[in-house]
Amino acid sequence: MAKIAFILLCHRDPDAVIRQATSLTAAGDCMAIHFDARAPKADYDRIRSALADNPSVTFTRTRIRCGWGQWSLVKATLAAARAALAAFPRATHLYMLSGDCMAIKPADYAHAFLDRHDADFIESSDFFTSGWIRTGWVEERLTYRHWFNERTQKTLFYASFALQKRLGLTRAIPRDLEMMIGSQWWCLRRGTVEAILGFCRSRPDVIRFFRSTWIPDETFFQTLVRHLVPETEIESRTLTFLLFTDYGMPVVFHNDQYDLLLAQDYLFARKISPYARDLRRRLGVLYASEGLPLRISDEGRSLFRFLTSRGRIGRRFAPRIWEAESTLGHDRSLLIVVCRKRQVADRLLRAVAAQTGLPCIGYLFTDESCALPDLGGLQSTLAKRHRHRRALLRMLFDYYGSARLVICLDPANLDLMQDFCRDSAPARLLEIDCRLSDSDLIRHATEAGLASAQTPADRLAHLLPALRNDIRHQSDQIREAGFDHHLLLRDTDPPETQARAVAQFLSVSDDTARAITRTTPLFAD
């Protein structure tokens, strides 16, 4: 069975460190602690004294002064790893933690999980092409030398960089290494950590390189694991649940998020608020508990994106310059069906295609699997479709040889509606207003990743009102946008009113419109 040696890097709150070590070792695991040399010696002595009788806890031989973005963090991690390997010969895995991390699964679950997966868990993406670094320096982290702390020695840090850049003092990356990047919160097998320590002893040139790399804790282990371990034995993900805001700040968890944390497909979470005493108390006893029923729904990231973006969809980005300067064509018409219930939109499109012969395409900007012809790769991913939206539509008009094209958009795609309706080519919107049952909302939440089959009913009950309000808000936004050719088709309208809306939208006769709306009961559940 798996036995975990936790690598704990901490620098404050000795009482919390003591509780964390006691909690995680109570279930048979062990821990190596590095307490930052910047912290008061009295705090360190207090921790050592409180844990002196715990045979499952060891400490690094020396304390290192750690600075954000510097080699000292990697050096401290390596020191703790050496201490763990020496003190705990039966440990099968080393798991990197900070003082802000807490277990969100019991030990028996964590051990069984690691027994099932013979792999190293470390987020490890290509440094240059993955887009992991969203803003700021990329190659400059590696090709220039960084000897100073960017936060405490800002003037020296940027002056040194400017001087190197002016003199052209760049350096080469070690030729045999493929640089990787990812979260520093990893869980590695014992053999992998031993291989890394052996590599460090045999390759002082690599150590010299990383010593002056900026933020090496996001590249050092990520690169060496890829270099030393077969790719089939690496899971490029962290087992620690963490979220970041749009501003790059870590999300802090509070007392009311206990159930949410336990439902995520992770073993630990960070950051737990120091003021969330009830949450810390409950998580503190969780790791040693047994037989706890767990339902993994893993919707935390999607829920965070949903809740933080509410009210901002369609207003966050200015029109793209390359999109503003292109047009779909003055002699073409784009017909946009806007509908939350996809099965209703699909029925309408099938009836339109059958009665009019117009090319009809489903949710091409939200559904990766939407059937599209080969357009030279432009259709291959949602990102490309959004980035080259007008070029994509022009190619579809050309492919079908038609002056009119029908597409579907989700009500959340207000930015797309505004963009297409600004085009010189005439565009019309047919918004289909359907009543949504709780089962419809649950289906929508599942498709959007906000819930799963494992999400408890009480959590769904809290989510559904927010979803219903969000959908109502999206409909209000569409109507407030003031589109010139905006038609509304309600499921509560009489058949003649529905047919009249379809006739205006498609510019077809009333008889054809009635055939479209009556061919299939559009609003059947």
Side-chain angles (χ1 to χ4, degrees), residues 1-10 20-21 23-25 27-32 73 77 80-81 84 88 91-125 132 180-193 196 217-222 224-226 229 231-244 250-251 253 257-272 283-284 286-289 292 294-302 304 452 454:
M1 176 180 283
K3 181 181 178 72
I4 304 171
F6 294 103
I7 303 297
L8 179 63
L9 301 190
C10 47
Q20 189 177 24
S23 169
L24 295 180
T25 57
D29 290 317
C30 43
M31 178 178 289
L73 284 172
T77 305
F88 310 118
T92 61
H93 296 76
L94 277 70
Y95 196 122
M96 175 81 169
L97 293 176
S98 76
D100 293 319
C101 300
M102 294 196 74
I104 56 173
K105 296 291 184 298
D108 55 2
Y109 181 98
H111 296 156
F113 179 91
L114 294 176
D115 285 338
R116 291 195 306 271
H117 300 86
D118 185 18
D120 295 305
F121 288 86
I122 181 168
E123 194 175 46
S124 179
S125 304
W132 198 88
M180 310 299 288
I181 191 167
S183 166
Q184 65 268 50
W185 310 110
W186 43 253
C187 177
L188 302 177
R189 295 169 298 177
R190 183 186 189 94
T192 300
V193 178
I196 290 172
D217 52 320
E218 293 180 350
T219 57
F220 179 78
F221 292 98
Q222 296 77 2
L224 293 194
V225 170
R226 287 282 178 181
V229 177
E231 186 173 356
T232 55
E233 298 179 21
I234 300 172
E235 292 280 349
S236 185
R237 57 165 292 200
T238 175
L239 294 178
T240 299
F241 181 60
L242 65 161
L243 298 170
F244 288 91
V251 173
F253 298 106
Q257 293 170 314
Y258 176 82
D259 292 328
L260 171 72
L261 291 177
L262 263 62
Q264 305 316 303
D265 189 20
Y266 296 84
L267 304 184
F268 282 76
R270 73 183 306 270
K271 291 184 168 184
I272 309 300
L283 294 179
L286 173 68
Y287 197 68
S289 63
L292 183 69
L294 294 169
R295 299 181 66 181
I296 309 301
S297 51
D298 202 31
E299 75 281 30
R301 293 183 183 278
S302 299
F304 179 74
S452 74
Q454 303 303 318

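Sequential numbering from 1 along the given sequence is applied to the chain's residues.
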Participant: Quick check against the 3.5 Å criterion: does K105 have a side-chain atom that pairs as donor or acceptor with the backbone of L262?
Facilitator: yes
Participant: Judged by modelled atom types alone, do D29 and H111 share a side-chain donor-acceptor pair under 3.5 Å?
Facilitator: yes
Participant: Centre-to-centre under 6.0 Å for F113 and F121, is that the case here?
Facilitator: yes
Participant: Can you name the side-chain hydrogen bond (donor to acceptor under 3.5 Å, both in side chains) partners of Q257, sequence neighbours left out?
Facilitator: none
Participant: How would you list, by chain and number, every residue that makes a salt bridge (Lys or Arg N to Asp or Glu O under 4.0 Å) with R237, sequence neighbours excluded?
Facilitator: D265
Participant: Hey, does R226 have a side-chain heavy atom less than 4.5 Å from the side chain of I234?
Facilitator: yes
Participant: Please report the interatomic distance CE(M31) to CD(Q20), rounded to the nearest 0.5 Å.
Facilitator: 5.0 Å
Participant: Is it the case that the side chain of D217 and the backbone of L73 share a donor-acceptor pair, with hydrogens and angles ignored and the cut-off at 3.5 Å?
Facilitator: no
Participant: Please check this pair: side chain of Q264 against backbone of G300, looking for a donor-acceptor N/O pair closer than 3.5 Å.
Facilitator: yes
Participant: Have S452 and Q454 got a donor and an acceptor in their side chains that come within less than 3.5 Å?
Facilitator: no
Participant: Run the side-chain hydrogen bond (donor to acceptor under 3.5 Å, both in side chains) test on W132 and E218 for me, step by step, so that the C-alpha distance in whole Å, both residues' side-chain angles and the decisive distance to 0.1 Å come before the verdict.
Facilitator: CA-CA 10 Å; W132 198 88; E218 293 180 350; over 6 Å; no
Participant: Is the shortest heavy-atom distance from the side chain of V251 to the side chain of L242 under 4.5 Å?
Facilitator: no
Participant: For F241, what residues pass the ring-ring contact (aromatic ring centres under 6.0 Å, His included) criterion, not counting sequence neighbours?
Facilitator: F253, Y266
Participant: Give, for atom CG of L292 and atom CG of D108, the distance between the pair rounded to the nearest 0.5 Å.
Facilitator: 8.5 Å
Participant: Using 0.5 Å steps for rounding, measure from the OG1 atom of T92 to the CD1 atom of I4.
Facilitator: 7.0 Å
Participant: Please check: side-chain N/O of R190 versus main-chain N/O of A5, any donor-acceptor pairing under 3.5 Å?
Facilitator: no
Participant: Verify, without hydrogens or angle tests, whether S236 (side chain) and S124 (backbone) share a donor-acceptor contact under 3.5 angstrom.
Facilitator: yes
Participant: Report the distance from atom OH of Y258 to atom CD1 of I272, rounding to the nearest 0.5 Å.
Facilitator: 11.5 Å
Participant: Decide yes or no on side-chain contact (heavy atoms from CB on, under 4.5 Å) for L188 and H93, but give the supporting numbers first.
Facilitator: CA-CA 6 Å; L188 302 177; H93 296 76; over 6 Å; no
Participant: Under 4.5 Å between any side-chain heavy atoms of R270 and S98, yes or no?
Facilitator: yes
Participant: Look at the aromatic rings of F6 and F268 and report parallel, tilted or perpendicular, splitting at 30° and 60°.
Facilitator: perpendicular
Participant: Hey, could you give me the CG/NZ distance between L114 and K3, rounded to the nearest 0.5 Å?
Facilitator: 13.0 Å
Participant: Shortest non-hydrogen contact from C30 to F88?
Facilitator: SG-CG, 3.4 Å
Participant: Can I196 and V225 be said to form a side-chain contact (heavy atoms from CB on, under 4.5 Å), step by step?
Facilitator: CA-CA 7 Å; I196 290 172; V225 170; 3.9 Å; yes
Participant: Short question: side chain of T219, backbone of I181 - any donor-acceptor pair under 3.5 Å?
Facilitator: no
Participant: To the nearest 0.5 Å, what is the distance between OG on S183 and CG on L239?
Facilitator: 10.5 Å
Participant: With side chains defined as the heavy atoms from C-beta onward, is the minimum distance between P106 and L294 less than 4.5 Å?
Facilitator: yes
Participant: Please assess T25 against Y287 for the test side-chain contact (heavy atoms from CB on, under 4.5 Å), listing each intermediate value before the final yes or no.
Facilitator: CA-CA 9 Å; T25 57; Y287 197 68; over 6 Å; no
Participant: T77: which residues meet the side-chain hydrogen bond (donor to acceptor under 3.5 Å, both in side chains) condition with it, sequence neighbours left out?
Facilitator: none
Participant: Using the salt bridge (Lys or Arg N to Asp or Glu O under 4.0 Å) criterion, which residues pair with E233? Sequence neighbours excluded.
Facilitator: R189
Participant: Can you confirm whether L283 sits close enough to I104 that some side-chain heavy atom of one is under 4.5 Å from a side-chain heavy atom of the other?
Facilitator: yes
Participant: Determine yes or no for a side-chain-to-main-chain donor-acceptor pair under 3.5 angstrom, with T238 supplying the side chain and W185 the backbone.
Facilitator: yes
Participant: Any sub-3.5 Å donor-acceptor pair from K271's side-chain atoms to P250's backbone N or O?
Facilitator: no
Participant: Report the residues that fulfil side-chain hydrogen bond (donor to acceptor under 3.5 Å, both in side chains) with S289, sequence neighbours left out, ordered by chain and then residue number.
Facilitator: none
